[in-house]
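Since the structure comes first, as structure tokens, the remarks are kept for the end.
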Amino acid sequence: MSRFTNLAYLANMIGGAFGMMLATRMPQNMTNGNSTWGVIDAPVFPEYLTNNPLPNGKPWGNRHHHDNNPYFNIPNTGVTRYYDFDVRRAILAPDGYEKSGIFVNGQFPGPAIEANWGDWIEIRVHNNIEDAFGGKAEGTSMHFHGMTQKDTQWFDGVPGFTQCPIAPGSSFTYRFRADAYGTSWWHSHYSAQYTAGLWGPMIIYGPKHVPYDIDLGPVMLGDYYHSEYHDVVKAASSNSTDFNVYVPWSDNSLINGKNNYNCSMAADNSTCYSNAGVSQFRFVPGKTHRLRLMNTGAAALIHFSIDGHKMKVIANDFEPVVPYEADFVTLHVGQRTDVLVTADAQPKLSYWMRSTISLNCSVTYTTEAKAIVAYQGNSNIQLPNSTISAAAARADEKSFLCKNDDLEKTIPFFPQKLDLHPGTVETINVDLFTNATGHHVWIMNNATQYTNYNRPILLEAYKGNFSFPDPRANVYDFGTNKTVRIVLNTNYQSAHPMHLHGHNFQVLAEGPGPWDGKTIINPHNPLRRDTHVQRRYGHLVIQFTLDNPGVWSYHCHIAWHASMGLNIGVLERPAELSRAQIPFVMDQTCDNWNRWTSTHVVDQVDAGI
Ligand SMILES: *[C@@H]1O[C@H](CO)[C@@H](O)[C@H](O)[C@H]1NC(C)=O
Ligand SMILES: *[C@@H]1O[C@H](CO)[C@@H](O)[C@H](O)[C@H]1NC(C)=O
Ligand SMILES: *[C@@H]1O[C@H](CO)[C@@H](O)[C@H](O)[C@H]1NC(C)=O
Ligand SMILES: *[C@@H]1O[C@H](CO)[C@@H](O)[C@H](O)[C@H]1NC(C)=O
Ligand SMILES: *[C@@H]1O[C@H](CO)[C@@H](O)[C@H](O)[C@H]1NC(C)=O
Ligand SMILES: *[C@@H]1O[C@H](CO)[C@@H](O)[C@H](O)[C@H]1NC(C)=O
Ligand SMILES: *[C@@H]1O[C@H](CO)[C@@H](O)[C@H](O)[C@H]1NC(C)=O
Ligand SMILES: *[C@@H]1O[C@H](CO)[C@@H](O)[C@H](O)[C@H]1NC(C)=O
Ligand SMILES: CC(=O)N[C@H]1CO[C@H](CO)[C@@H](O)[C@@H]1O
Ligand SMILES: [Cu+2]
């Protein structure tokens, strides 16, 4: 099955119906495999899952909107949600360009993980990535973005940090608590493998702090590359002196795994179709819809807007915020923003939803992904002729600095004061470095992280070894400090969406130049989330509480930057690790990996995470 032979589709094309018309878009199985993301009238999402009957109404009992900080007072539902992930290579054409990728259950984007706040989630991952479709067998490992993994630090999914990769032909079961609620995603953390298609949304249902009518579910945004991910990583960390080589260009921008592509731009367009079709969403007139925006791409900063509609921001990552109005929303890789949209426009028309790659911050051959918003009752959906709002059209002018919304604007709904006397302050300088052979790597205080897949740091620490003399491990042992403040400064032109595992953090300051050591925005209640942008030529100051023994990656979520070593390990309360119960399966996973790597050469083209 190396090529599609969908007769109905070919007949359609031969019939001359070529272009962007709705009726002639490619069949869903050719573009997105077994996935139904992006089709009109896809099922909307429930308020909470009810398949396991629970007494007393909602599964979170009487926790209501005044005392329901997502990270505290987690309900014990006694329920486990089971998922089975078959990971293997296949050929799909999400934007019309046929290419080999790596998918879960043959779906792109991957299946949604759904749970109620407080449930346990169990995901059995089968690594069936084989030599096929131009790719090779390789390891894998799955990360559940934003989950703190308290007491389950083994299941954070970062290879070389918390586990050995899952060897081809092996399986591994992740088991963790849904210990925060809101919108997130899961993705492979093995090299830049997720950009080959190995990701999907994760929704944890919980109390609402703002009322709405309909949960429209995930709206997954991101840049998209036609080259195989190894090749992109190699180019990014190459010793080419050509900026356009070591800063790779994306080919397209997708919404829920779809967009059209202009095949004339492809070097080889023999298996490229210019009518893949775009995603479609249904609004119910007069109702307020929740859209769970997430940037699941590789490298691009994105602006999101819907023609003719205003949005209200209600959460960033897993943190509810005091609602504010927005004409557009800015998301860098790994970030989520929940918005409410009231369907108050002319219901007979349809409207473009737009996900626009910032050309000031990223490089791409296709800037805009579009999707269609049509109202219920409109049975004859036409291509919209709506136009972008003036404010959204100017989004990129303001974003020359490649930053998130001003910190002043985003107020956590559940206030939390800042500890003004952190146990330790670590200042780290971030820069691009050209090494002796001319290769490009990122340095953090002069060190470039490189992962040893065969000796995960957490497993070493569990055995009582807290010393990582190889500078490439890039481990910071914060011991038993109560709180830690990390200051990142950069003189370089790149911005970085910095993601910390195991925690949500407070953002104290971000701005131009190095931090002055004083300025703190909203110290009585600073912004909290798990991913925030360090702007170009600027600083980002975060602080978090060391309440989660383990080793947690703090890395740039630009896939290519992580590949080029922009990553540190936060070692937290290591002495307590030996008291934690290590599942025996961790050693078994390393045995399987060691056995596989003794007969196969691992082509580790990058830092490994
Ligand atoms: C493929 O590229 C050629 C040359 O640019 C162009 O003439 C042709 O229309 C393209 N095919 C498609 C399907 O876009
Ligand atoms: C498609 O790309 C080709 C080559 O870059 C360009 O000449 C053409 O105008 C593009 N077509 C559209 C509809 O943008
Ligand atoms: C395009 O705009 C015109 C009026 O401006 C309207 O009558 C027509 O229905 C619109 N079409 C769509 C698909 O929205
Ligand atoms: C430079 O970096 C590249 C990519 O990380 C690495 O393969 C190479 O060995 C480094 N060269 C030196 C001299 O360290
Ligand atoms: C680029 O790196 C390769 C090794 O990866 C080395 O052989 C070559 O000399 C380097 N080129 C330059 C210009 O440094
Ligand atoms: C990084 O290296 C430079 C040049 O070798 C040196 O001046 C600087 O002190 C180093 N910085 C750190 C934090 O080690
Ligand atoms: C501790 O772990 C590191 C990294 O795996 C290793 O280099 C070092 O030799 C270990 N030390 C001991 C005492 O085992
Ligand atoms: C606090 O963290 C620093 C590293 O920033 C470390 O040197 C120190 O030992 C830690 N203090 C405690 C009490 O663990
Ligand atoms: C300084 C800079 O490059 N600004 C550009 C940001 O992007 C907008 C729209 O693409 C351009 O008009 C600006 O010139
Ligand atoms: Cu980065």
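Numbering of ligands and ligand atoms starts at 1, following listing order.
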Is there a heavy atom in D477 that sits closer than 4.0 Å to ligand 8?
yes

In ligand 7, the atoms that come under 4.0 Å of a heavy atom of R455 are 5 (O)

With a 3.5 Å cut-off and no angle check, do the side chains of N244 and W249 form a donor-acceptor pair?
yes

Close side-chain approach of V602 and W593, heavy atoms under 4.5 Å:
yes

Output all residues satisfying salt bridge (charged side-chain N to carboxylate O under 4.0 Å, His left out) with R485, sequence neighbours left out; order by chain, then residue number.
none

Please tell me whether Y492 and W442 form a close aromatic pair, meaning their ring centres lie under 6.0 Å apart.
yes

Between Q163 and S141, does any side-chain donor sit less than 3.5 Å from a side-chain acceptor?
yes

Can you list the steps and then say if D547 with K150 is a salt bridge (Lys or Arg N to Asp or Glu O under 4.0 Å)?
CA-CA 9 Å; D547 55 3; K150 263 189 197 130; 3.6 Å; yes

Which atoms of ligand 8 have any heavy atom of G479 under 4.0 Å away?
14 (O)

Per-atom contacts of ligand 7 with S467, taking only distances under 4.0 Å to non-hydrogen atoms:
1 (C), 2 (O), 3 (C)

So if I count the atoms of ligand 7 from 1 in the order they appear, which ones are less than 4.0 Å from some heavy atom of N465?
1 (C), 2 (O), 3 (C), 8 (C), 10 (C), 11 (N), 12 (C), 14 (O)

Main-chain N/O of I129 paired with R88 side-chain donor or acceptor, under 3.5 Å:
no

Are there any protein N or O atoms under 3.5 Å from the N or O atoms of ligand 6? List them with distances, or say none.
from, atom 1, to, atom 2, distance (Å)
ligand 6, 2 (O), N446, OD1, 3.3
ligand 6, 2 (O), N446, ND2, 2.2
ligand 6, 11 (N), N446, ND2, 3.0
ligand 6, 14 (O), N446, ND2, 3.3

Would you mind listing which atoms of ligand 8 come within a distance below 4.0 Å of any non-hydrogen atom of N481?
1 (C), 2 (O), 3 (C), 8 (C), 10 (C), 11 (N), 12 (C), 14 (O)

Tell me which one of T337, T410, D338, T183 satisfies side chain to side chain donor-acceptor pair (under 3.5 Å) with N316.
T337

For the rings on H555 and H561, is their centre-to-centre separation under 6.0 Å?
no

Report, in ascending order of atom number, the atoms of ligand 8 lying under 4.0 Å from any heavy atom of E426.
5 (O)

Residue portion contacting ligand 8 (non-hydrogen atoms closer than 4.0 Å) for T424:
side chain

Worked verdict on W186 versus Y83 for ring-ring contact (aromatic ring centres under 6.0 Å, His included):
CA-CA 12 Å; W186 56 266; Y83 290 89; 9.6 Å; no

